[in-house]
Amino acid sequence: MKTKILLKESEMPTHWYNVVADMPNPPTPPLGPDGQPVGPDALAAIFPEEIIKQEVSSDRWIKIPEEVREVLRLWRPSPLFRAHRLEKMLNTPAKIFYKNESVSPAGSHKPNTAVAQAYYNKQAGIKKLTTETGAGQWGCSLALAGQMFGLEVEVFMVKVSYGQKPYRRTMMRTWGANVHASPTNLTESGRSILAKDPNSEGSLGVAISEAVEIAANRPDTNYALGSVLNHVLLHQTIIGEEAKKQMSMVGEYPDMVFAPCGGGSNFGGIAFPFFADKAAGKQVELIAVEPTSCPTLTKGTYAYDFGDAIGLTPLMKMYTLGHDFMPPGIHAGGLRYHGDSALISQLYNEGLLGAVAVPQTETFESGVLFAKSEGIVPAPESTHAIAAVIREAKRCAETGEAKTLLFNLSGHGHFDMTSYDRFFAGELEDYEYPDEAIKESLKHLPQVG
Ligand SMILES: *Cc1c(COP(=O)(O)O)cnc(C)c1O
């Protein structure tokens with residue numbers, strides 16, 4: 001009974017897998033404010049050429065540069081586990097496997113793309129990267145990656161999180177990043193918000209605007225995004241490629257693959273390499289798990305919408321709750337995004353991917369059960385996948401089916417102990433699908449496409 005399934009360093013994938021090559025229809029293009037497709041040139045002010053090429057590529061395999069693989073080897077290949085103890089606790093005939101992405105220095109899957117993005121920017125002669133961060137996972141990942149390649153990193157951290165997550169802030173500084181509480185006086189966007197409300201607590205939308213403004217105005221500075229875009233999902237496919245090899249080492253193949261889904265990067269990362277088999281006729285269900293309070297795929301509309309809250313980005317066709325939808329302040333900060341990856345949205349719309357939504361208290365109950373059985377304290381985002389897997393494993397216990405389930409443990413929860421505290425104190429609420437708020441926000445969808 002093998003519990004921990006390891007790949008050798010030499011078995012780490014050499015190429016990323018591009019799902020576009022196996023999609024039944026070409027991806028929908030991003031649109032400008034005039035409703036016309038945005039060409040790659042429009043992105044050149046904030047992204048390096050190699051990243052833009054990847055964003056629009058339809059090549060099935062894209063080589064991982066050796067310099068990137070060398071940094072990834074600090075923690076990759078990541079281990080795959082068979083959750084024997086959890087299976088026993090649930091008394092289920094299902095086999096449960098999980099890929100452990102919490103072993104990266106930042107504690108999540110996000111460095112997989114941060115390292116690649118920092119490398120391509122360094123190659124292009126860029127000196128500094130700007131970005132936004134909410135809870136701090138992405139800011140930490142980019143700070144780490146920038147440090148590895150000698151790039152300055154400037155992070156706009158939403159002011160309310162800046163106060164609430166002091167250790168994430170300090171971690172970014174430890175890796176050499178310059179961290180500001182957003183809104184700041186350093187940008188037009190920040191100053192305009194502060195002029196209206198000097199005590200503004202900030203938002204992810206405002207922080208994005210600040211980071212993009214600096215990158216767009218300085219030739220030596222670019223912007224980096226931690227989810228949603230095609231190149232980000234591409235860089236995460238190393239997760240699923242490794243998992244496939246590890247499953248086959250123990251003679252297994254999943255019936256169902258689960259991952260938490262915010263902007264879709266870790267879900268795409270584990271699911272897309274299995275999608276390649278599905279496109280070739282194999283039976284496998286790929287399921288994105290989201291919060292009932294921010295149910296983008298399960299309750300949103302498939303339409304063109306802005307990627308940010310203010311309306312500065314190109315329009316992307318995606319499942320959306322409306323760009324000015326403000327999800328309730330749930331503790332899985334990484335899952336509070338109004339939209340989703342365009343690739344995932346398109347495949348979901350075509351019935352090729354599945355999605356479920358789970359309420360907050362069930363996710364924490366599941367996270368605690370996982371910690372007690374498997375030992376790892378999961379990130380609040382990751383507990384969503386665990387909750388969906390536990391539901392399926394319990395169903396198997398009732399029907400006697402011995403399904404093989406795989407999920408992505410996207411990160412650990414060591415910086416989220418305040419959230420666990422509130423769960424233990426009985427203070428966490430379940431927010432149901434906020435019907436009225438979503439309806440109101442969907443009224444503001446841009447009228448194009
Ligand atoms: C950011 C984050 C997520 C959600 O982002 P995706 O792009 O949907 O993967 C999930 N889990 C963890 C631990 C995160 O940090």
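As the structure lists them, so they are numbered: ligands from 1, and atoms in each ligand from 1. For the single chain, residues carry numbers from 1 onward in sequence order.
Contact check on Glu70 versus Arg73 returns no salt bridge, with no Lys/Arg side-chain nitrogen under 4.0 Å from an Asp/Glu carboxylate oxygen.
Remark: distances from the non-hydrogen atoms of His109 to ligand 1 include one below 4.0 Å.
Atom 13 (C) of ligand 1 has as its closest protein heavy atom Ser410 OG, 3.4 Å. Looking from atom 1 (C) of ligand 1 to the surrounding protein, the closest heavy atom is Lys110 NZ, 1.3 Å. For atom 4 (C) of ligand 1, the nearest non-hydrogen atom of the protein is Gly334 O, 3.4 Å.
Ligand 1 has no N or O atom lying under 3.5 Å from any N or O atom of Ser382, backbone or side chain. Considering backbone and side-chain N/O atoms, Gly226 never comes within less than 3.5 Å of an N/O atom of ligand 1. At under 3.5 Å, not a single nitrogen or oxygen of Glu381, backbone or side chain, sits near a nitrogen or oxygen of ligand 1.
Against a heavy-atom cut-off of under 4.0 Å, Gly411 is close to the following atoms of ligand 1: 13 (C). Per-residue contacts place Ser227 under 4.0 angstrom from the following atoms of ligand 1 (heavy atoms of the residue considered): 6 (P), 7 (O). Under a 4.0 Å criterion applied to the non-hydrogen atoms of Gly264, ligand 1 contributes the atoms 6 (P), 7 (O), 8 (O). Close approach of ligand 1 to Gln137 (heavy-atom distance below 4.0 Å) involves ligand atoms 13 (C), 15 (O).
Under the 3.5 Å distance criterion, the side-chain polar atoms of Ser104 are matched with a main-chain donor or acceptor of Gly107. Between the side chain of Gln360 and the backbone N or O of Glu429, at least one donor-acceptor pair lies under 3.5 Å.
A side-chain donor from one of Asp430 and Thr361 sits under 3.5 Å from a side-chain acceptor of the other. One side chain, Asn112 or Glu101, offers a donor N or O that lies under 3.5 Å from an acceptor on the other. Side-chain polar atoms of Asp340 and Tyr348 form no donor-acceptor pair below 3.5 angstrom. Side chain to side chain, His235 and Gln117 fail the donor-acceptor criterion of an N or O pair below 3.5 Å. Neither side chain, Glu290 nor Tyr337, offers a donor N or O lying under 3.5 Å from an acceptor on the other.
One option in Asn408, Ile270, Asn266, Leu233 has a heavy atom closer to atom 9 (O) of ligand 1 than any other, and that option is Asn266. Among Ala135, Ala259, Ala385, Gly262, the residue whose heavy atom lies closest to atom 8 (O) of ligand 1 is Gly262.
Of the candidates Leu286, Ile287, Thr404, Leu286 is the only one forming a side-chain contact (heavy atoms from CB on, under 4.5 Å) with Val257.
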